Amino acid sequence: MTEERQRLAVVSGGGTGIGAAVARGLVADGFDVLVVGRRGDVLAAAARDITAESGRADAVVPVVADLTDPGQVSAVADAVGERTVDAIVNNAGGYLGGPTGTLDEVAAWWRANLDANVLTAVLLTEALLPALRRPGGRVVLLSSIAAQRGGGGPYSAAKAALHGWAYDLAGQLGPDRITVNVVSPGYVAETEFFGDRMTPEGHAKRVAATLVGRAGVPDDIAAAVRYLVGPSAGYVTGQVLGVNGGSVLGR
């Protein structure tokens with residue numbers, strides 16, 4: 001096995017959508033990948049399919065863990081074992097709705113979104129920091145256009161929180177030549193994000209808001225992640241990369 005094939009990436013939320021596209025792209029780039037999530041059957045199917053496509057045994061290994069639970073995050077570190085982690089891609093999260101009629105319900109709604117989108121990234125990254133390659137490690141956080149323009153309530157706030165934390169983490173890890181960056185997707189079709197909430201009218205409205213006249217697809221986001229974890233991005237850190245078709249202009 002070549003040194004390139006020995007690189008290891010950990011991708012949370014890696015069973016479907018953007019996470020699975022990232023895992024598939026990183027395998028094509030020569031990484032072994034641990035895909036992490038709560039649904040064992042979904043992770044196993046993704047690992048099986050991507051591994052079969054690659055023709056490389058054990059290219060993708062599923063790790064079942066609820067990353068909001070500190071007690072379960074150790075399962076990921078155990079799966080890494082003595083290996084060095086070259087890249088951590090924090091993709092787990094999503095918009096969580098719920099009743100908001102009382103203050104207790106509002107608090108539960110906000111905590112659920114912060115846990116799913118912020119705490120998952122913090123706990124996974126902290127658990128794997130000792131194993132992260134020095135120099136040359138990469139940390140990528142998946143945010144959202146909602147962090148930059150609002151519209152998602154606690155989800156927008158949670159994704160925006162990742163930006164501030166990324167800046168701190170980039171400063172902390174920079175002396176070790178580890179980069180930390182955020183990828184902020186716009187509207188991406190072919191994912192589970194909207195569930196059954198997306199209508200033809202909603203899709204058309206979001207496409208019309210772009211400058212390129214189309215929805216994003218998971219491979220668009222995966223391409224940005226592949227760049228940031230690759231050898232060409234060693235001088236890029238503490239940045240938020242918008243991949244949104246021009247729906248929100250850079251600032």
Side-chain angles (χ1 to χ4, degrees), residues 1-14 18-19 22-37 54 56 58-63 65 67-93 117-143 161-184 221-241:
M1 181 178 292
T2 66
E3 176 65 22
E4 182 183 14
R5 294 294 180 121
Q6 294 174 353
R7 290 182 296 168
L8 177 64
V10 177
V11 180
S12 69
I18 291 171
V22 169
R24 181 174 286 105
L26 294 182
V27 167
D29 291 339
F31 285 84
D32 292 336
V33 179
L34 300 183
V35 288
V36 184
S54 73
R56 180 158 54 89
D58 299 322
V60 181
V61 174
V63 181
L67 297 178
T68 67
D69 181 353
Q72 295 190 38
V73 178
S74 61
V76 186
D78 291 344
V80 169
E82 298 300 316
R83 296 189 66 176
T84 297
V85 176
D86 294 88
I88 305 169
V89 181
N90 289 291
N91 173 66
N117 294 285
V118 179
L119 194 62
T120 52
V122 171
L123 293 181
L124 180 62
T125 302
E126 290 290 335
L128 297 182
L129 276 184
L132 197 56
R133 183 174 296 282
R134 291 166 170 80
R138 304 283 195 260
V139 179
V140 178
L141 311 175
L142 270 294
S143 176
L162 291 178
H163 298 192
W165 180 54
Y167 303 149
D168 281 349
L169 199 59
Q172 173 188 336
L173 299 179
D176 291 329
R177 301 287 179 89
I178 294 169
T179 67
V180 181
N181 292 287
V182 177
V183 174
S184 180
I221 313 307
V225 174
R226 292 167 73 178
Y227 163 67
L228 289 172
V229 305
S232 298
Y235 198 53
V236 180
T237 194
Q239 303 302 309
V240 177
L241 176 57

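If you're wondering where the values come from, they're calculated on a predicted model, not measured in any experiment.
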Is a side-chain N or O of Asn181 found less than 3.5 angstrom from the main chain of Gln239, in a donor-acceptor match?
yes
Which of these, Val80, Leu34, Val76, sits in a side-chain contact (heavy atoms from CB on, under 4.5 Å) with Val85?
Val80
Please name the pair of heavy atoms, one in Ala224 and one in Leu241, separated by the smallest distance, quoted to 0.1 Å.
CB-CD2, 3.8 Å
Kindly state each residue pair satisfying salt bridge (Lys or Arg N to Asp or Glu O under 4.0 Å) with at least one member in residues 226-238, sequence neighbours excluded.
Asp29-Arg226
Min side-chain heavy-atom separation Val225-Val11 under 4.5 Å:
no
Reference residue Asp86; test salt bridge (Lys or Arg N to Asp or Glu O under 4.0 Å); the match among Arg7, Arg138, Arg133
Arg133
Of all heavy-atom pairs linking Val73 and Leu123, the shortest is CG1-O, 3.7 Å
Under 3.5 Å donor-acceptor, Ser12 side chain and Asn91 backbone
yes
Correct closest heavy-atom pair for Ala127 and Pro130 would be O-CD, 3.6 Å
Distance, nearest 0.5 Å, that separates CG of Leu173 from CG of Leu129
6.0 Å
Using 0.5 Å steps for rounding, measure from the CG atom of Leu8 to the CG atom of Leu26.
10.5 Å
Spacing of Leu169 atom CG and Thr125 atom OG1 [to the nearest 0.5 Å]:
6.5 Å
Shortest non-hydrogen pair, Val122 vs Trp165, comes out as CA-CH2, 3.6 Å
When rounded to the nearest 0.5 Å, the distance separating CG of Leu162 from OG1 of Thr120 is 7.5 Å
CD1 of Ile88 to CG of Leu128: how many Å apart, nearest 0.5 Å?
4.5 Å
Show me the pairs that pass salt bridge (Lys or Arg N to Asp or Glu O under 4.0 Å) and involve residues 167-184, at least two apart or across chains.
Arg134-Asp176
Under 3.5 Å, side chain of Arg83 to main-chain N/O of Ala131, donor-acceptor pair present?
no
Looking only at heavy atoms, what is the nearest atom pair of Ala166 and Leu141, with distance?
CB-CD1, 3.7 Å
Is Thr179 close to Val236 at the side-chain level, that is, under 4.5 Å between some pair of heavy atoms?
no
To the nearest 0.5 Å, how far apart are CG in Asp69 and CG in Leu119?
9.5 Å
Audit row: Leu124, Asn90, side chain to side chain contact (heavy atoms under 4.5 Å, CB included) steps and yes/no:
CA-CA 8 Å; Leu124 180 62; Asn90 289 291; 3.5 Å; yes
Do you know the tightest heavy-atom contact between Gly30 and Arg56?
C-NH2, 4.0 Å
Using a 3.5 Å distance criterion without hydrogens, assess whether the side chain of Gln172 forms a donor-acceptor pair with backbone atoms of Ala170.
no
